[in-house]
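Here is the structure we will look at, set down as structure tokens.
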Amino acid sequence: MARTAKKAKAVTITTTEMAADENVLSIAEATADAAAALPAPESIAAETATTTGSGVEMLIPLDRLKRSPRNARKTPHSNETIETYAASIAAKGILQNLVVEPEHDPDGQPTGFYFVTIGEGRRLAQMLRAKRKEIGKTEPIRCVIDTVNDPFEISLDENVTRSDLLPADQFEAFRELAEQRGWGAEEIAARFGVTAHVVKQRLRLGAVSPKLIQVYRDGGLTLEQLMAFAVTDDHARQEQVYDGLGYNREAYIIRRELTRFHVPANDRKAIFVGAEAYIDAGGTILRDLFTGDRGGYFEDAALLDQLVLEKLQSTASEVQEAEGWRWVETFIDYPHAHGLRRVYPQPVERSEEDLAARAEAQEEFDRLTAEWEARDEDLPPDVDQRFAELEAEIERLDGLRHAYDPEEIAIAGAFVSLAHDGTARVERGFIRPEDEKPKPEADSGEDGETVIDGVRVNADGEVIEDAEGQGHGESCDSGGQAQEEEEGDAGQAVSDLLTRDLTAHRTLGLRLALGEQPEIALIAVTHALAAQTFYRGMEAHVLEIRPASAYLASHADGVEDTAPAKLLSDRHAGWAGDMPQNIAELWGFIASLDPASLMALFAHCASLTVNVVKQPWENKPQAQTTGNRLATALALDMRQHWTPSVRSYLGRVTKAHILAAVREVVGEEPAERISGMKKLQMAEAAEQLLAATEWLPPLLRTERPALLASQGDGLADAEASDGAPSGDGDPAEAVELGDGPKDVHAQEDGMDDAPVFSEAAE
């Protein structure tokens, strides 16, 4: 077969040893001699063959190429890699020749097929394109026939002795294509066989400050850190954050600093306004292409606050117009009443029409429920919609059982604020001091004196006594003998001194009697708590019990907006609605309650005074111990109210704490799997691992009641048989408690077993 020399130069490769031996042929010479003896396939024209430094370059039909059994790559190419090659070849052709060797039959005769020693991925890409009808099965493929080098060695050499393009060079090259050639992410992706998202990521990295790119090239930044800087395209801000970094340069810290003044898309403000309204108002959203940013970051926090207030004001106007309040104010954060007195809706009689409508809606609801429960099948959309309408109507009619007094609405107002879930929160019934109804004026005496309940008070509010300092109505002469008094009026009040004397004796008698009648003591204590809990500024209680309720929002941001806080607020509002408007009627109301309701009101008032917040400067170990015992007595299960998340716990502790939590409930293997991650990624992975475990940190766990631990293995066996968790018998073991056991006793320090809670208490 004749060969044409289309290439003027043949590259001769020699080594030092080869140069020393004149009898050693060059690779080019050896390849040329070997190629001369090879039969060419009939379909390949003679003029397509060219001698090169490593063999004979020929165009070989695609269907004559096979995978070489001596290819060093044993792991097959992934489908993604083949797709990448196919896209690149479709855009630019095959840029690097395949290296092949001829196949021989058992007799040593050429078969006309060729094994692909180098370029198997490109062969598979062309096969994929042929399958998609983009090219024919006999598409000519430019190959180099190498019969001199060992196929296995050159296959290995191809994959070992290579240097990938530095990522920084790739990022900047992609950016250059976009800026100079005007190619978009989709076009670049099509030409290089990657996804548009990957292109956008690389373009974003290419837009990082050149100063930081050079730091990355010099090894001063990792790729993960560089990706964190790419969250914004503000070079000045990037460099400012870089210059301010300390020893801790983890990616999540860089990202946090760059987005410090932005608002995450999952923030309640962003949810309330919505991305579309924010963008329409001229706002921009920053996207982090390298993490799950949950919708990005709203860059203009001031604009977002403005939009929130405008939308809240719209809601406030609707509430005021529909309900008639004297005033309605808007705040982003609930102002917690600003110290104003609050009134609540009171029970009212519903009209006959409302009662009839309530009964009709309930009847239809019950009928539909019975009908579809019997069918045991999924509800059709129209039936499901009807159920929702009936539930809403029943809820609306039930809400008519309580209403605000129209006179109170005329002087009271409401606050409209933003709830934790991104919805509008409306709190009603607040009365400003200037809108309070004026109190009856006291009788005025001479010289600015005022008589209140028979007692003379001067302009400064001080009680006026007689010249001898004994109070009006009683005095002594210089010898200490009582002076004769005028006959006076039997209806006149006795002196202050005598009043204090008599009431002191009465107080002593009440103390003695109250201590002997626990049922009345419960009423009195409940009255004292309720009078101060539900009625502000009114001294109507006689027990000197002062309930204090710590403001938890000052210790934990957002705690007042959680679901448990909403439940507590609803419970309080329910009791407040039942309280009589006149505090003078409070004793009668409490005394008329049935035992269960009385205990419930007492428990609610007492619950508001609980405070186990641990301050760093406080040293109250006994108080914390009591709080632990209270939790044990209540069988408190914090799993119902709290879950471990990046925001609530995992992102605020060390990596060691995160791994310890995962190791404790999930196992050693998952902990090892995430141990090499960065802090933020580890916290996010741990959140997923702990989601279904109901794990709690030690500070939220409830101690096992002492009696359970003292019962030993017998109790453990009993618990195991009931499907309950068994302990190891350690009284101090902290475990998560769900339903508490009945008739349990706790061992107190220096005390006999005392009942903690009983079946009746439950």
Side-chain angles (χ1 to χ4, degrees), residues 265-266 268 270-277 294-295 311-312 314-325 334 344-404 409 414 416-429 560-578 596-597 600 604 637 639-643 645 691-692 694 738-739:
N266 61 346
R268 57 180 181 149
I271 295 173
F272 184 62
V273 172
E276 184 176 351
R294 299 175 177 86
K311 191 171 181 179
L312 288 175
S314 176
T315 302
S317 300
E318 295 174 1
V319 170
Q320 188 169 19
E321 181 179 353
E323 302 178 18
W325 297 101
Y334 177 53
Y344 291 89
Q346 300 296 315
V348 295
E349 292 292 334
R350 287 181 289 179
S351 65
E352 294 295 332
E353 292 80 5
D354 290 338
L355 291 173
R358 172 66 170 80
E360 181 180 350
Q362 187 65 52
E363 181 181 356
E364 182 179 357
F365 184 87
D366 294 341
R367 178 178 58 78
L368 285 176
T369 301
E371 176 183 346
W372 286 96
E373 281 183 349
R375 296 188 183 186
D376 191 23
E377 59 183 79
D378 293 337
L379 295 177
D382 58 333
V383 177
D384 188 48
Q385 176 65 24
R386 184 55 183 162
F387 268 113
E389 293 172 354
L390 289 172
E391 289 174 348
E393 179 66 6
I394 292 172
E395 183 177 354
R396 184 189 70 82
L397 293 170
D398 285 343
L400 299 178
R401 293 180 300 181
H402 292 78
Y404 287 94
I409 292 178
V416 178
S417 59
L418 188 59
H420 71 285
D421 58 353
T423 58
R425 173 183 180 181
V426 183
E427 297 290 340
R428 304 169 174 85
E560 297 285 357
D561 292 324
T562 60
K566 181 67 166 59
L567 291 174
L568 181 60
S569 176
D570 291 345
R571 189 177 74 190
H572 184 81
W575 276 113
D578 292 338
S597 298
H604 172 70
D637 185 4
R639 294 173 300 184
Q640 301 175 5
H641 313 304
W642 186 92
T643 54
S645 66
E694 297 184 334
D739 297 332

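As the structure is a computational prediction, the values presented were derived from the model and not from experiment.
- The ring of Tyr404 has its center closer than 6.0 angstrom to the ring center of Trp325.
- Pairing each heavy atom of Gly577 with each of His402, the nearest pair is O-CD2, 4.1 Å.
- Glu393 and Ala361 get closest at one heavy-atom pair: CG-CB, 4.4 Å.
- Residues satisfying the side chain to side chain contact (heavy atoms under 4.5 Å, CB included) test with Thr643, not counting sequence neighbours, are none.
- Under the side-chain hydrogen bond (donor to acceptor under 3.5 Å, both in side chains) criterion, Asp578 pairs with no residue, sequence neighbours left out.
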- Task: I would like to know whether Leu390 and Leu368 meet side-chain contact (heavy atoms from CB on, under 4.5 Å); could you show each step before the answer?
- Result: CA-CA 10 Å; Leu390 289 172; Leu368 285 176; 3.9 Å; yes

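- In this structure, Ala424 and Phe272 approach most closely via the heavy-atom pair N-CE1, 4.0 Å.
- Checked against side-chain hydrogen bond (donor to acceptor under 3.5 Å, both in side chains), Ser569 has no partners two or more places apart in sequence or in another chain.
- A donor-acceptor pair is defined here as one N or O able to donate and one able to accept, closer than 3.5 Å; such a pair exists between the side chain of Arg350 and the backbone of Leu397.
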- Task: Could you go through the side-chain contact (heavy atoms from CB on, under 4.5 Å) check for Ser317 and Glu321 one step at a time?
- Result: CA-CA 6 Å; Ser317 300; Glu321 181 179 353; 5.8 Å; no

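- Looking at residues two or more places apart in sequence or on another chain, you find a side-chain hydrogen bond (donor to acceptor under 3.5 Å, both in side chains) between Asp570 and Lys566.
- Looking at Asp354 and Ser351, their side chains do bring a donor and an acceptor atom within 3.5 Å of each other.
- More than 12 non-hydrogen atoms from other residues, nucleotides or ligands lie less than 6.0 angstrom from CD of Glu371.
- The minimum heavy-atom distance between Ala265 and Ala270, with the atom names listed, is O-CB, 3.5 Å.
- Arg268 places a side-chain N or O within 3.5 Å of a backbone atom of Leu418 that can act as its donor or acceptor partner.
- The two residues His641 and Pro564 come nearest to each other via the heavy atoms CB-CG, 3.7 Å.
- Here the side chain of Lys311 pairs no donor or acceptor atom with the backbone of Val273 at under 3.5 angstrom.
- Every side-chain hydrogen bond (donor to acceptor under 3.5 Å, both in side chains) that His572 has, sequence neighbours left out, goes to His604.
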- Message: Is there a side-chain contact (heavy atoms from CB on, under 4.5 Å) between Ile394 and Gln362? Walk through the geometry before answering.
- Response: CA-CA 7 Å; Ile394 292 172; Gln362 187 65 52; 3.6 Å; yes

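- Residues Ile271 and Asp421 come closest through the heavy atom pair CG2-O, 4.1 Å.
- Residue pairs that meet the salt bridge (charged side-chain N to carboxylate O under 4.0 Å, His left out) test with at least one member in residues 355-365, sequence neighbours left out, are Arg358-Asp398, Glu364-Arg386.
- Contact of the Phe387 side chain with the Leu379 side chain is registered, since non-hydrogen atoms from C-beta on lie closer than 4.5 Å.
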